[in-house]
2 protein chains.
Amino acid sequence: MPTQQRSKATVEAILAAAAQVFRRHGYAATTTDRIAQRAGVSVGSLYQYFPNKDAILVTLAERHIDAGFALVRLLLREALAETPPLAAMLRRFVLAMIVLHEHEPELHRVLFEEAPLPSHVRRRLRERENELASEVSRLLEAHPEACVRSPDVTAYVIVHTVDSLVHSFVLHPPKDIDADMMTNEAVRMLLRHLTAEGS
Amino acid sequence: MPTQQRSKATVEAILAAAAQVFRRHGYAATTTDRIAQRAGVSVGSLYQYFPNKDAILVTLAERHIDAGFALVRLLLREALAETPPLAAMLRRFVLAMIVLHEHEPELHRVLFEEAPLPSHVRRRLRERENELASEVSRLLEAHPEACVRSPDVTAYVIVHTVDSLVHSFVLHPPKDIDADMMTNEAVRMLLRHLTAEGS
DNA sequence: GACGAATGCGAGGAATGCCTCATATTTGGA
DNA sequence: TCCAAATATGAGGCATTCCTCGCATTCGTC
């Protein structure tokens with residue numbers, strides 16, 4: 001619907017403002033009027049481009065999801081081409097996930113922990129995770145060091161372990177444990193699991 | 001405030017109804033009127049015992065948290081007394097977490113993924129997790145088979161790995177992977193990590 | 001510069017849901 | 001039995017927020 005340059009700018013302004021307001025005030029306290037005000041446009045304009053408040057949330061979430069997974073997938077593709085040592089690969093994967101979560105963590109928290117994302121968005125998120133798991137699975141089958149019985153299950157466990165570990169760690173950082181320690185520990189654990197004899 | 005038997009029953013009825021309504025309709029679509037109706041009491045009675053809608057949510061969440069962690073802690077105490085083989089212990093731990101999450105999963109999802117739990121409740125949840133991690137840490141130090149460099153970090157990783165893995169698995173079960181496969185995989189991974197030489 | 005299409009405006013209608021309060025009923029003890 | 005305290009009731013006030021709609025402004029084009 002937005003064809004002129006001006007209207008695209010409006011849409012972007014609305015999304016940027018929405019990101020700020022959601023981040024600062026949480027889901028419930030975010031009103032369309034506030035978003036419009038912060039964006040420097042009127043509510044009318046907002047409703048020209050988004051049918052309702054949740055549509056803005058959904059757009060933000062989908063962008064976040066897609067950008068994030070695109071990044072990680074890119075990284076995996078590189079890994080598949082280069083075939084670096086398994087340890088290095090795992091470390092890169094964990095670090096990528098950390099970068100992903102450290103980008104706008106508070107917005108991330110509101111989007112994925114607090115807001116009532118409609119089920120199709122949650123489904124999309126899970127689909128992306130599963131795609132990622134598939135790629136990891138292929139990577140495991142191809143890698144000479146890796147030695148796994150059922151790559152699918154192993155890949156699922158790896159992806160979800162890293163994802164949720166990093167998620168917890170970045171969004172609710174425990175004192176006494178820094179990112180390096182956590183990364184090392186996780187990498188060591190995964191490495192041992194992937195290279196153990198007899199599986 | 002509730003002193004007579006009758007009022008205690010009212011409070012319980014409200015909580016039970018709230019659990020049902022939150023589970024069925026999600027956080028946003030849950031109204032105090034609906035809760036009262038379902039509980040078979042009037043809104044006025046509801047507001048006699050809870051200052052607002054979120055207070056009901058908080059009570060439910062705290063009960064859920066406390067009951068859950070009490071169960072797992074009990075299990076850990078047993079383990080500490082008996083000192084069973086590490087593999088058996090890990091398996092029991094994972095299974096306990098699954099049981100925990102399989103009890104009212106949809107309510108669990110609404111409470112912890114969708115509802116805007118006030119920060120003190122989230123903090124309490126993290127505190128409980130950390131307490132759990134401490135106990136696991138002590139358990140690791142005491143267990144003859146376990147061989148870990150920094151029990152605190154390892155315990156943190158174990159607790160969060162299992163918790164979030166099970167959380168994802170139970171709340172969003174992937175097809176192609178059943179609970180047994182997941183459990184086995186997780187237990188194997190943790191076991192290798194804990195018993196590997198040189199750490 | 002003039003005209004139609006695209007975009008922007010913002011006061012206010014409409015709906016919703018939280019919560020109060022004046023009143024009614026029940027309970028337990030004296 | 002009777003009374004004061006405890007408990008229960010539910011219509012409706014109040015505040016909030018979502019969203020519409022009629023009109024103003026700007027843009028691109030001829």
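Labels below follow one simple rule: chain letters A, B, ... track the order of the sequence lines, proteins then strands, and each chain is numbered from 1.
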Practice prompt. State whether the number of non-hydrogen atoms from other residues, nucleotides or ligands found under 6.0 Å of Gln5(B) atom CD is greater than 12.
Written response: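 Check fails, neighbour count at 12 or below.
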Worksheet item: Between His193(A) and His193(B), does the ring centre distance come in under 6.0 Å?
Response: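 For His193(A) and His193(B), the ring centres are not under 6.0 Å apart.
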Discussion item. If you take the centroid of each ring, where Trp contributes its six-membered ring, are His103(B) and His108(B) closer together than 6.0 Å?
Written reply: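 Not under 6.0 Å, so no.
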Between [N] ([atom2]) and [X] ([atom1]): distance, integer Å:
{"X": "Leu57(B)", "N": "dC18(C)", "atom1": "CG", "atom2": "C1'", "result": "16 Å"}
{"X": "Phe50(B)", "N": "dT20(C)", "atom1": "CZ", "atom2": "P", "result": "15 Å"}
{"X": "Ile35(B)", "N": "dG17(C)", "atom1": "CD1", "atom2": "P", "result": "12 Å"}
{"X": "Gln37(B)", "N": "dG17(C)", "atom1": "CD", "atom2": "P", "result": "13 Å"}

Response to the item:
In B/S/- notation (B base, S sugar-phosphate only, - none; protein heavy atoms under 4.0 Å), nucleotides 6-19 of chain D written 5' to 3' is BSBBBB-----SSB
Worksheet item: Do the charged groups of Arg138(B) and Glu135(B) touch, with an N to O distance under 4.0 Å?
Response: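 A salt bridge is absent here (no side-chain N lies under 4.0 Å from a carboxylate O).
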Practice prompt. Check Leu132(A), Val159(A), Val136(A) against Val72(A) for a side-chain contact (heavy atoms from CB on, under 4.5 Å) and give me the one that passes.
Written response: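 Of all the options given, the one that passes is Leu132(A).
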Discussion item. Test salt bridge (charged side-chain N to carboxylate O under 4.0 Å, His left out) on Glu12(B) and Arg63(B); report intermediate values, then the result.
Written reply: CA-CA 12 Å; Glu12(B) 290 310 311; Arg63(B) 284 190 177 195; 2.9 Å; yes
